[in-house]
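As structure tokens, the structure follows; a few thoughts come after it.
Counting from 1, the numbers follow the sequence of the chain as shown. Below, all heavy atoms of this structure are taken into account, side chains as well, without hydrogens, waters or symmetry copies. Treat the numbers as computed from the prediction; the structure is a model and nothing was measured.
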Amino acid sequence: QVQLVESGGGLVQAGGSLRLSCAASGRTFSSYTMGWFRQAPGNEREFVGAIGWSTGSIHYADSVKGRFTISRDNAKNTVYLQMNSLKPEDTAVYYCAARLQAPPTSRVGSYDYWGQGTQVTVSS
């Protein structure tokens, strides 16, 4: 069992930056692949990126590639999402998710644990 708590969301102008954090409980954080997803009103939850538990391999959605960076600090049980060059279409609730000892995937249903989400709003 792992509990996830996101933070760092807020209101930012287009072109600005935000860094989201996701703090995990438990002592086995390094065994989890961590994903970031987002959901805008009226839309389905969509994949943003993920970082693997063993090799640390990272995958991004095409829509954020080159602008967003995922990293993790296993000593702090935390995964980060650095978001640069933000666009109004990045506005959404951002969620982190975890799946135990499995490779990164973009599939929402493949993650076992979810945080409560943090709102990111990008104004034009």
Side-chain angles (χ1 to χ4, degrees):
Q1 185 84 8
V2 62
Q3 293 183 324
L4 306 173
V5 179
E6 301 96 335
S7 61
L11 173 64
V12 64
Q13 289 187 332
S17 298
L18 282 175
R19 188 177 81 155
L20 306 184
S21 300
C22 173
S25 64
R27 294 177 291 179
T28 59
F29 176 74
S30 60
S31 296
Y32 287 86
T33 279
M34 301 300 297
W36 284 99
F37 292 78
R38 65 188 183 186
Q39 188 168 18
N43 291 356
E44 294 185 350
R45 193 165 298 189
E46 66 174 9
F47 175 73
V48 173
I51 182 167
W53 70 281
S54 59
T55 65
S57 62
I58 301 175
H59 303 264
Y60 297 102
D62 288 342
S63 59
V64 307
K65 204 171 291 184
R67 300 188 298 123
F68 291 10
T69 302
I70 293 175
S71 61
R72 65 189 299 161
D73 185 338
N74 288 338
K76 295 183 178 180
N77 282 14
T78 301
V79 63
Y80 303 97
L81 180 66
Q82 177 67 45
M83 304 186 295
N84 298 329
S85 302
L86 283 161
K87 305 175 182 179
E89 51 264 44
D90 294 318
T91 295
V93 177
Y94 283 71
Y95 299 90
C96 69
R99 64 190 309 238
L100 180 62
Q101 293 182 336
T105 177
S106 60
R107 294 175 56 188
V108 171
S110 295
Y111 288 81
D112 305 305
Y113 303 101
W114 291 84
Q116 84 289 348
T118 186
Q119 177 71 47
V120 171
T121 304
V122 185
S123 63
S124 57

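More than 12 heavy atoms of other residues, nucleotides or ligands lie within 6.0 Å of CD in Gln101, so this atom counts as buried by the packing criterion.
By the rule that hydrophobic residues join a cluster once side-chain heavy atoms approach within less than 4.5 Å of another member, Val108 and Tyr60 end up as members of separate clusters. Clustering ILVMFWY residues whenever any of their side-chain heavy atoms sit less than 4.5 angstrom apart, transitively, puts Val2 in the very cluster that holds Trp36. At a threshold of 4.5 Å between side-chain heavy atoms, the hydrophobic network of Ile, Leu, Val, Met, Phe, Trp and Tyr places Val79 and Phe47 in two separate groups. When the side chains of ILVMFWY residues are joined at heavy-atom separations under 4.5 Å, either directly or via intervening members, Ile58 and Phe37 end up in two distinct hydrophobic clusters. Placement of Val64 and Val93 in two distinct hydrophobic clusters is found when ILVMFWY residues are connected by side-chain heavy-atom separations under 4.5 Å, directly or transitively.
Cation-pi contact between Arg72 and Phe29: present, with separation from the ring centre below 6.0 Å and deviation from the ring axis of at most 45°.
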side-chain contact (heavy atoms from CB on, under 4.5 Å) for Thr118 and Ser7? Distances and angles first, verdict last. CA-CA 6 Å; Thr118 186; Ser7 61; 5.8 Å; no

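Once rounded to the nearest 0.5 Å, the distance linking OH of Tyr80 with CE of Met34 reads 11.5 Å. Taken to the nearest 0.5 Å, the CD atom of Gln1 stands 10.0 Å off from the CG atom of Asp112. The structure places CG of Asn74 at 12.0 Å from NZ of Lys76, a figure rounded to the nearest 0.5 Å. Interatomic distance, CD of Gln82 versus CD1 of Ile70, reported as 11.5 Å (0.5 Å rounding). Taking CG from Leu4 and OH from Tyr32, the interatomic distance works out to 9.0 Å, rounded to the nearest 0.5 Å.
Using a 4.5 Å heavy-atom cutoff, the side chains of Phe68 and Leu20 are not in contact. For the pair Asp90 and Met83, the minimum side-chain heavy-atom distance is 4.5 Å or more. Residues Gln3 and Val5 fail the side-chain proximity criterion, which asks for heavy atoms closer than 4.5 Å. In this structure, Trp53 and Arg99 have side chains that are not in contact, with every pair of non-hydrogen atoms separated by 4.5 Å or more. A 4.5 Å side-chain heavy-atom check between Pro104 and Ser57 finds at least one atom pair inside the cut-off.
No donor-acceptor distance shorter than 3.5 angstrom exists from the side chain of Glu6 to the backbone of Cys22, with no hydrogens or angles considered. Checking side-chain atoms of Thr33 against main-chain N and O of Ala102 turns up a donor-acceptor pair under 3.5 Å. A distance-only check finds a donor-acceptor pair linking the side chain of Thr91 to the backbone of Val122 [under 3.5 Å].
No option in Lys87, Arg38, Glu89 other than Arg38 meets the side-chain contact (heavy atoms from CB on, under 4.5 Å) test with Ser63.
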